[in-house]
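Just the heavy atoms: all of them, side chains too, but no hydrogens, waters or symmetry mates, feed the values below.
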Amino acid sequence: MTALFATRRDLDGWADALGARNDDEASAELHRLMGRLLDGQDRVRKVARSLSKAPNDEVRRSLALALGRIDLAVLVVGEALRGFAVHERG
């Protein structure tokens, strides 16, 4: 997969959004946020398993949608982390 945030401008945007003064601070904050995303992902999966036989299709669809969006966020934050790891911005 091609890095989504490999340009200096993109990484600067991430650092600004995170309130980070440098790449190390940005990476540290992204790691913290990734941990929270993974925790949320695990919690939603557990709820989805618990409600897998719920009589209401809407709850299952909603949980599947939520999980898909969390999965996407995990991928995007992971790409940003890789971008900071391989890109020297100075």
Side-chain angles (χ1 to χ4, degrees):
M1 177 179 269
T2 304
L4 296 173
F5 305 104
T7 70
R8 180 183 179 99
R9 176 187 282 169
D10 291 332
L11 295 175
D12 287 344
W14 273 100
D16 288 344
L18 295 167
R21 294 176 299 214
N22 57 51
D23 288 3
D24 289 337
E25 284 184 13
S27 290
E29 182 61 20
L30 284 171
H31 277 288
R32 281 190 289 278
L33 294 171
M34 179 66 88
R36 292 173 71 181
L37 280 169
L38 294 173
D39 181 54
Q41 185 182 52
D42 185 51
R43 289 172 185 239
V44 172
R45 278 198 179 112
K46 286 177 183 173
V47 170
R49 278 193 299 271
S50 294
L51 295 175
S52 65
K53 295 183 190 211
N56 184 327
D57 287 342
E58 186 61 32
V59 72
R60 290 193 308 270
R61 280 194 299 271
S62 295
L63 286 166
L65 179 62
L67 188 55
R69 295 214 171 145
I70 294 171
D71 290 346
L72 180 58
V74 166
L75 288 173
V76 171
V77 170
E79 286 296 324
L81 278 167
R82 282 185 284 286
F84 279 109
V86 301
H87 200 285
E88 289 187 27
R89 296 184 313 134

- prompt: From F84 CZ over to H31 NE2, what is the distance, rounded to the nearest 0.5 angstrom?
  reply: 10.5 Å

- request: Check A54 against V59 and note the closest heavy-atom contact, atom names and distance.
  value: CB-CG1, 3.7 Å

query: Any side-chain donor-acceptor pair under 3.5 Å between D24 and S27?
result: no

- request: Evaluate side-chain contact (heavy atoms from CB on, under 4.5 Å) for L11 paired with D23, printing each intermediate quantity in order.
  value: CA-CA 8 Å; L11 295 175; D23 288 3; 5.7 Å; no

task: Over all heavy atoms of both residues, which pair between M34 and V74 is shortest? Give the atoms and the distance, please.
output: CE-O, 3.3 Å

field: Atom pair CD/CG of Q41 and L67 - distance to nearest 0.5 Å
entry: 6.0 Å

message: Could you report the tightest heavy-atom contact between L30 and A80, atom names first, then the distance?
response: CD1-CB, 3.9 Å

field: Residue pair R9, D16: steps toward the salt bridge (charged side-chain N to carboxylate O under 4.0 Å, His left out) verdict
entry: CA-CA 10 Å; R9 176 187 282 169; D16 288 344; over 6 Å; no

statement: Minimal heavy-atom distance between L63 and L51, with the atoms involved, is CD1-CD1, 3.9 Å

side-chain contact (heavy atoms from CB on, under 4.5 Å) evaluation trace for L18 with L33: CA-CA 10 Å; L18 295 167; L33 294 171; 3.7 Å; yes

- prompt: Can you name the closest pair of heavy atoms from K53 and R60 and give their distance?
  reply: C-NH1, 4.2 Å

statement: d(L38 CG, D71 CG) to nearest 0.5 Å is 9.5 Å

- prompt: Where do R82 and L75 come nearest, in terms of heavy atoms and distance?
  reply: NH2-O, 4.3 Å

Shared hydrophobic cluster for L72 and L65 (ILVMFWY, side-chain gaps under 4.5 Å): no

- prompt: More than 12 non-hydrogen atoms from neighbouring residues, nucleotides or ligands closer than 6.0 Å to CZ on R36, yes or no?
  reply: no

